[in-house]
Amino acid sequence: MQIIQKKEFNELLLAWYHREKRDLPWRHTSNPYYIWISEVMLQQTRVDTVIPYYERFISSFPTMECLADAEEEHVLKHWEGLGYYSRVRNLQAGVKEVVENYGSVIPQTRSEILNLKGIGPYTAGAVLSIAYGVPEHAVDGNVMRVFSRLFLIEEDIALPKTKKIFEQRVMEVIDETDPSSFNQAIMELGATICTPKPRCLLCPVREFCDAFEEGVQESLPIKTKKMKKKVVSIHSFAIQEPGGQWLLRKRPSGGLLGDFWEFPQIETANQDTIQQEMKDNTGLILDLNEEYVHFKHVFSHVTWEVTGHFAILQDASPLPEGYRFFSEEELRAIPQSKPMSKILAALGKYFF
DNA sequence: AAAACGTGGGC
DNA sequence: TGCCCAAGTTT
């Protein structure tokens with residue numbers, strides 16, 4: 001597409017967008033805080049998945065002050081099952097910054113908003129354009145797919161430096177009169193028409209598409225680097241006190257499922273030494289009973305093969321740091337990762 | 001620059 | 001089933 005055709009392109013694109021756009025909850029608000037929440041939830045996450053979380057979240061935390069003042073565990077409970085939990089911790093931290101340092105008004109320049117926790121180049125542009133009408137690029141996976149085809153860009157979109165090419169191109173084409181609709185329209189096009197398997201016959205801007213003209217739309221964008229994920233064996237132990245309480249431990253901060261509570265577990269390849277390893281690592285001496293569950297859980301970069309054992313705690317010595325007993329009621333009240341909820345579901349057949 | 005970071009849906 | 005993908009950010 002030639003830059004000279006920008007006006008015609010935007011007329012067709014925006015007319016299509018206003019005609020065909022999906023009716024989504026965050027398109028009914030102009031509250032920048034709500035736009036921010038929706039953008040964070042939508043990071044690497046499908047629209048259909050996000051909708052119920054979004055509704056519940058803004059209902060429970062209707063203002064930035066509400067979110068800033070909330071207990072982190074309460075906030076996490078609203079994110080339970082959505083994944084990438086650092087997103088919501090960063091969101092709350094960012095909101096606290098805005099409440100404390102900006103008088104509860106989200107800053108309206110790229111350099112300022114980029115300093116907020118959890119706001120990167122994409123979310124900065126999305127909030128600025130959608131909430132404030134600022135003509136800023138918001139380049140996500142959709143935009144790179146759509147633009148790689150429109151302009152026949154064959155750079156590898158897996159490389160970080162490639163994004164600059166797209167950001168620059170967006171700034172050349174963006175509609176200055178309605179940057180919000182422009183950015184959303186490109187993403188909407190990528191989500192519904194210019195999909196990995198494109199439906200070009202439905203595309204409102206097909207006539208501007210260099211890849212369509214060349215017949216190479218199916219092979220764009222170019223994306224390399226797909227790494228095989230590690231598989232690790234996890235042995236998890238369901239340990240119940242005579243009083244009925246369950247022993248859990250808090251996962252280390254910062255890493256996978258950081259700070260989430262889980263049943264005590266070890267990562268090992270060796271079935272025969274798990275008791276010894278538990279003793280070496282935690283000091284807990286266990287008698288193992290039957291295995292009550294087996295499942296595989298696939299994360300983004302690692303796969304857990306989980307075996308759940310019933311176990312008895314032999315030693316009455318003090319619990320290690322980060323370990324404590326939970327009643328069934330307390331168990332339900334804390335945020336649960338997916339692997340945790342799978343284990344609980346299996347235990348439920350015996351106990352709950 | 002590359003790896004870590006969750007989960008669910010589609011083919 | 002297994003791999004790719006989905007409105008990315010942080011380290």
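Just so we're on the same page: letters track the sequence lines, and every chain starts at 1.
Heavy atoms of A:D48 sit nowhere under 4.0 angstrom from any nucleic acid atom. Counting non-hydrogen atoms under 4.0 angstrom, A:V302 reaches nothing in the nucleic acid. Among the atoms of the strands shown, none is found under 4.0 Å from any heavy atom of A:G190. If you check every strand for non-hydrogen atoms under 4.0 Å, A:S337 touches sugar and phosphate atoms only. Across all strands, A:R27 comes closer than 4.0 Å to base atoms (heavy-atom distances). As judged by a 4.0 angstrom heavy-atom cut-off over every strand, A:G81 is placed among residues touching the sugar-phosphate backbone only. Residue contacts for A:W79: at a heavy-atom cut-off of 4.0 Å it reaches no nucleic acid atom on any strand shown. If you check every strand for non-hydrogen atoms under 4.0 Å, A:I35 touches nothing.
Checked against C:dG2, B:dC5, B:dT7, the side chain of A:L256 finds its nearest nucleotide in B:dC5. Here C:dA6 is the nucleotide among C:dG8, C:dA6, B:dT7 with the atom lying nearest to any side-chain atom of A:R46. Here the nucleotide nearest the side chain of A:Q44, chosen from C:dG8, B:dT7, C:dT10, is C:dG8. Of the candidates B:dA1, C:dC5, B:dG6, C:dC5 carries the atom nearest the A:K223 side chain, counting heavy atoms from C-beta on. Proximity note for A:K161 (side chain, C-beta onward) versus C:dT9, C:dG2, B:dA1: the nearest is B:dA1. Of the candidate nucleotides B:dG6, B:dA1, C:dC5, C:dC5 has the atom nearest to the side chain of A:P196. Of the listed nucleotides (C:dG8, C:dG2, C:dA6), C:dG8 has the atom at the smallest distance from the side chain of A:T123.
Applying the 4.0 Å criterion to OP1 and OP2 of B:dC5, one finds that A:H301 has a side-chain N or O inside that range. Proximity of A:R145 to the phosphate of C:dA6: a side-chain N or O atom is located under 4.0 Å from OP1 or OP2. The side chain of A:T45 contributes no N or O atom lying less than 4.0 Å from OP1 or OP2 of B:dG6. In this model, the phosphate group of B:dT7 is approached by a side-chain N or O of A:H297 to a distance below 4.0 Å at OP1 or OP2. Taking only side-chain nitrogens and oxygens, A:K117 never comes nearer than 4.0 Å to OP1 or OP2 of C:dT9.
Rounded to whole angstrom, the span from the NZ atom of A:K230 across to the C1' atom of C:dG2 amounts to 19 Å. When rounded to the nearest whole Å, the span between CG of A:D259 and C1' of B:dC5 equals 14 Å. Counting to the nearest Å, the C1' atom of B:dA3 and the NZ atom of A:K229 are 13 Å from each other. For the pair A:K342 NZ and B:dG6 P, the interatomic distance rounds to 14 Å; values are reported in whole Å. Straight-line distance from the CZ atom of A:R87 to the C1' atom of C:dT10: 14 Å, rounded to whole Å. A:Q43 has its CD atom 11 Å from the C1' atom of C:dT10, to the nearest Å. Look at CD on A:Q92: it is 19 Å from P on C:dT9, rounded to the nearest Å. Distance, A:K163 NZ to B:dA1 P: 12 Å, rounded to whole Å.
Between C:dT9 and B:dG8, the distance separating the two P atoms is 22 Å to the nearest Å. Between B:dC5 and C:dA6, the two C1' atoms lie 15 Å apart (nearest whole Å). A distance of about 15 Å separates the P atoms of B:dA3 and C:dC4, rounded to the whole Å.
Counting heavy-atom neighbours within 6.0 Å of A:K223 NZ, excluding the residue itself, gives a total of 12 or less. Within 6.0 Å of NZ in A:K21 there are more than 12 heavy atoms belonging to other residues, nucleotides or ligands. Annotation for A:E213: atom CD does not count as buried by contact number, only 12 or fewer foreign heavy atoms lying within 6.0 Å.
A cation-pi arrangement is found for A:R324 relative to A:W261, the charged atom lying closer than 6.0 Å to the ring centre and inside a 45° cone about the ring normal.
Each of A:E328, A:E329, A:E330 was compared with A:R332 under the side-chain hydrogen bond (donor to acceptor under 3.5 Å, both in side chains) criterion, and only A:E328 meets it.
Aromatic ring centres of A:F208 and A:F9 lie closer together than 6.0 Å.
Nearest-nucleotide positions on DNA chain C place A:E39 closer to the 5' end than the other of A:I119 and A:E39. If you find the closest nucleotide of DNA chain B to A:L159 and to A:P339, the one lying nearer the 5' end belongs to A:L159. Comparing A:T49 and A:S300, the nucleotide of DNA chain B nearest to each residue sits closer to the 5' end for A:S300.
The base of B:dG6 sits with one of its N or O atoms less than 3.5 Å from a complementary donor or acceptor on the side chain of A:Y84.
Between A:K77 and A:E71 there is no salt bridge, since no side-chain N of the basic residue sits under 4.0 Å from a carboxylate O of the acidic one. By the 4.0 Å N-to-carboxylate-O rule, A:E188 lies close enough to A:R27 to be salt-bridged with it.
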